[in-house]
Amino acid sequence: MAEAQGQAPPDEEVLVAPERGSVEELLDASAGDPLDPMRHSAAHVMAEAVMDLFPGTKLGIGPAIADGFYYDFELPRALTPDDLAAIETRMASSVAADHAFVRHELPPEEGRAFFVERGQPYKVEILDDLGVAARAAGLPMPPVTTYEHGPFIDLCRGPHVASTGRIGPFRLLSVAGAYWRGDEKRPMLQRIYGTVWATREELEHYLWRREEAKKRDHRRLGVKLDLYSFHDVSPGSAFWHPKGQRLWRTLEGAMRELQERRGYQEISTPIVVHEKLWRQSGHWDLYRDSMFLIESEGQTFSLKPMNCPESTLIYRSRVRSYRDLPLRLSEYGRLHRNERSGTLSGLTRVRHFIQDDAHVYVRPDQLGDEIEAMLGEVAESYSWFGLQPRFSFATKPDKALGDPALWEKAEGLIREALDRSGAKYAVKPRDGTFYAPKIDIYIDDGLGREWQTATIQVDLVMLPERFDLEYIDEEGRPQRPVAIHRAIYGSLERFIGILTEHFAGAFPFWCAPVQAVVVPIADRHLDAAAELAGVLRARGLRVEVDDSSNRMQNKIRLAQEQKVPYMLVLGDREVEARTASPRTRGGEQQAAVDWEELAERLAEESAARRPD
Ligand SMILES: [Zn+2]
Ligand SMILES: [Zn+2]
C-alpha cells in the first residue's frame, strides 16, 4: 500500500474550498511556524483595512498559513488588483501607528450580543457552534475572547504580537473565491492572501520563489515541452505525448535495470479485480470510497487502487521454501484512485498513476539486510538526479494490528538498518500505518519545497496474516514471512511532475526526452544530418534532426527553448570532415569532434546517469 500521492502544491487560482470546516479549526489561527503570531496579526490588520474601505463587510476567518495569511470577507463587490494596493496602503498606516493588541474576555451572552450588534453573522455562527459543542460535551460555554487593536476588534483566540508595529514587511498576493466553511451550499466569500516576513530579504526571496514556481509550473511546462496534456474526458489522468513517454520509459528503464541487478523479478497483475480480494486485504472497509467500482454479471469489481494484495496470489502459487526468500516481486501497475475532482492538480494529484512498486517477501532474519539494501537503492537512484533523500522513521501508531512483540522487533531492525546505512533520519513517533512501521523518504526541490516520494513499509499483518502466507523453514515447518512494500520514485506521474519543476524542464542529459538536435545549416547538409543522427541513434541516443526551413539561429533558439542538452551544427566544413561542433543548452561551444567519437562520448555520458 505504498502511499505516494501526497499533497499538491497550493494553487490559489483554483482554490474554492478551504480546508477548514470544524469550529475548532475555524478558531485555530496557527500554521505551526514561529512567525504565526505575526502572520495572524497581519490578517487582523488586513481586516481592519478592508472594514475601513468597505463599511459593512462581513468577516469570515483569518488564520496564519504557510508563508503568510489570509482572511475571508463578504464584500459588496468583487475586488480588483487596485483594491489590493489600496488595502496595502491602509495596512501600512496601521502598522506605522503601532497599535497595541489587547485581549478581552466577555461572558458568553455578552460576547454573542456584541457580534450580533456589529452585523457579523459568521462570527455569531462560530460562537453558536462553540455553544453546541460545549453542551454536547457537558461543559459550560467558555467566555468569548476578542483581540482589539486601534479601531478593530475581532473574535479570536490569539496569539498575537504585542503591537501592529511588530508586523514585518508584507505583500498582498491574490484574491480567490472560498466557500464559507468549504461548503459549496454556503456563501462564496472573497479570500485575500498575503505574505509577511521578519525581514525585507526574506520577503524578496519568497516573492522570487513564488514567481519562479509559476514559471516552472509543470502543467505549463508540460505543454510547452510537448510532454503531456490533460483532457476533461479523463480528469486527473495525463495523456503522455511521444516526448513525455520517452522520458517516462527512460526513468522506468533505469529503475528496471537497478532492480534486475538487485534480484527483483517483474510481475504484472490485472487492473480489474473482484471485491472479495479487497475485502480480504481490508481495503474494502478502508478505501472503498476511493475505489472505482465496476458491475459485471451481478458481481462487483474495482479498478485496483494498489498492487499489494494481488502479489500474494503469485506468492501463494507454489510452496515457498526458506531458500526462495527474499522473493522480490516488482510491478509497474496501473492504479486508479477516485480522488474528488476538485482536488486534482496536474501530475501531482491524479486519479490514474503508475508506481515503481515492489513487494518483497523475507524471513524475519533477513529484514535488516533487505532494508539496508533498499536504502542503498534510494541513494543510488536519487543520485541520478542529484537529489538528496531525507529519511523519516514512522513508528507504531496507537491503533495497530498484530503482535506488539513483532512490532518492537521490526522497529528495532529498521532502526538498526537506518543506523548502519549512515543515513540521517528523523523519528515520527506513532506515525506508521496500522499494519506497518515505515521509512518515508523526502526530497527538497530546487525551490526548497519538500516532497514525499519514496516509502519503505514493513508489513507484519496485512499481506502475511490476512493472506495466510507461509514458507517452509529448514526443519520443514511452516513459518510466516514479512512483506516489505516499497516504491522509490513513488508515482511516476508525480515524480515526473516534481522533476519537471526541479529542473525547470532542463532534464539531465541521460533522461532528456531529446538528448541532441542536429542542426543542418543549409538544405545541402540534410543528408549528412540524417546520417549523423543515425550514427548517434545506433548508440541508443535520442536524437532529432531540425530539417525545417528555419535559419540556423532560429533552429538553435528553438532547441534551447525545448531545453535540448546538445545542438550539433553541420555546415560545409563539418560535413566535409565528418565532424560536429556540439553546443550546449547553456550556450557553451565545444570543439569539433569526429562523429564516431562523439557518439561514443555521448553514449558513455548517457549511461553514467549523472545530474548535469
Ligand atoms: Zn503495497
Ligand atoms: Zn486573532
Side-chain angles (χ1 to χ4, degrees), residues 1-5 26-31 36-48 59-65 69-72 99-105 115 120 123 126 144-150 152-164 166-167 196 264 267 269 273 277-278 281-283 286-287 304-315 328-333 335 337 353-361 374 432-436 438-439 454-464 466-467 469 482-488 490-491:
M1 200 192 292
E3 223 2 277
Q5 285 272 80
L26 289 173
L27 276 179
D28 183 3
S30 71
D36 282 351
M38 181 179 79
R39 289 182 168 150
H40 174 59
S41 298
H44 275 229
V45 169
M46 178 166 75
E48 174 207 345
L59 301 167
I61 56 166
I65 54 172
F69 59 91
Y70 68 76
Y71 213 118
D72 291 343
H99 300 298
F101 281 97
V102 184
R103 184 175 184 274
H104 302 286
E105 233 178 71
F115 286 102
Q120 293 298 345
K123 302 292 182 188
I126 293 172
V144 172
T145 60
T146 62
Y147 274 81
E148 182 178 15
H149 78 270
F152 183 75
I153 188 161
D154 200 357
L155 173 65
C156 177
R157 235 182 227 175
H160 280 273
V161 289
S163 66
T164 57
R166 305 285 178 94
I167 294 171
V196 58
Y264 284 83
I267 61 171
T269 63
V273 188
L277 188 79
W278 308 113
S281 67
H283 289 111
L286 289 165
Y287 267 90
K304 65 175 169 182
M306 42 205 53
N307 301 306
C308 327
E310 285 187 276
S311 80
T312 65
L313 299 182
I314 293 176
Y315 183 96
R328 305 183 181 96
L329 301 177
S330 63
E331 175 165 22
Y332 290 87
L335 306 180
R337 295 183 190 171
F353 61 101
I354 298 179
Q355 286 183 338
D356 60 328
D357 208 359
H359 295 92
V360 177
Y361 299 92
M374 286 177 176
T433 70
F434 69 94
Y435 60 87
K438 59 176 181 165
I439 301 171
T455 179
I456 299 171
Q457 306 179 352
V458 177
D459 176 9
L460 309 165
V461 187
M462 184 176 71
L463 301 185
R466 289 196 165 224
F467 291 91
L469 303 184
V482 176
I484 309 175
H485 308 242
R486 82 104 182 89
I488 292 184
S491 135

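For ligands, and for the atoms within them, numbers begin at 1 and follow the listed sequence. Sequence positions, counted from 1, serve as the residue numbers for this chain.
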(request) Please test L277 against F467 for side-chain contact (heavy atoms from CB on, under 4.5 Å), starting from the C-alpha separation and ending with a verdict. (result) CA-CA 10 Å; L277 188 79; F467 291 91; 3.8 Å; yes
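Rounded to 10°, the angle that NE2 of H44 and SG of C156 form at the Zn ion (ligand 2) is 130°. The angle subtended at the Zn ion (ligand 1) by NE2 of H359 and SG of C308 is 100°, given to the nearest 10°.
In this structure the side chain of Y70 reaches within 4.5 angstrom of the side chain of P63, judged on heavy atoms.
No hydrogens or angles considered: a donor-acceptor pair under 3.5 Å links the side chains of H44 and H160. Side chains of Y361 and S311: a donor-acceptor N/O pair is present below 3.5 angstrom, by distance only.
The Zn ion (ligand 2) lies closest to atom NE2 when only the N/O/S atoms of H40 are considered. Nearest N/O/S atom of H485 with respect to the Zn ion (ligand 1) is recorded as ND1. In H160, the N, O or S atom that comes nearest to the Zn ion (ligand 2) is NE2.
In this structure, Y435 has its ring center closer than 6.0 angstrom to the ring center of H485.
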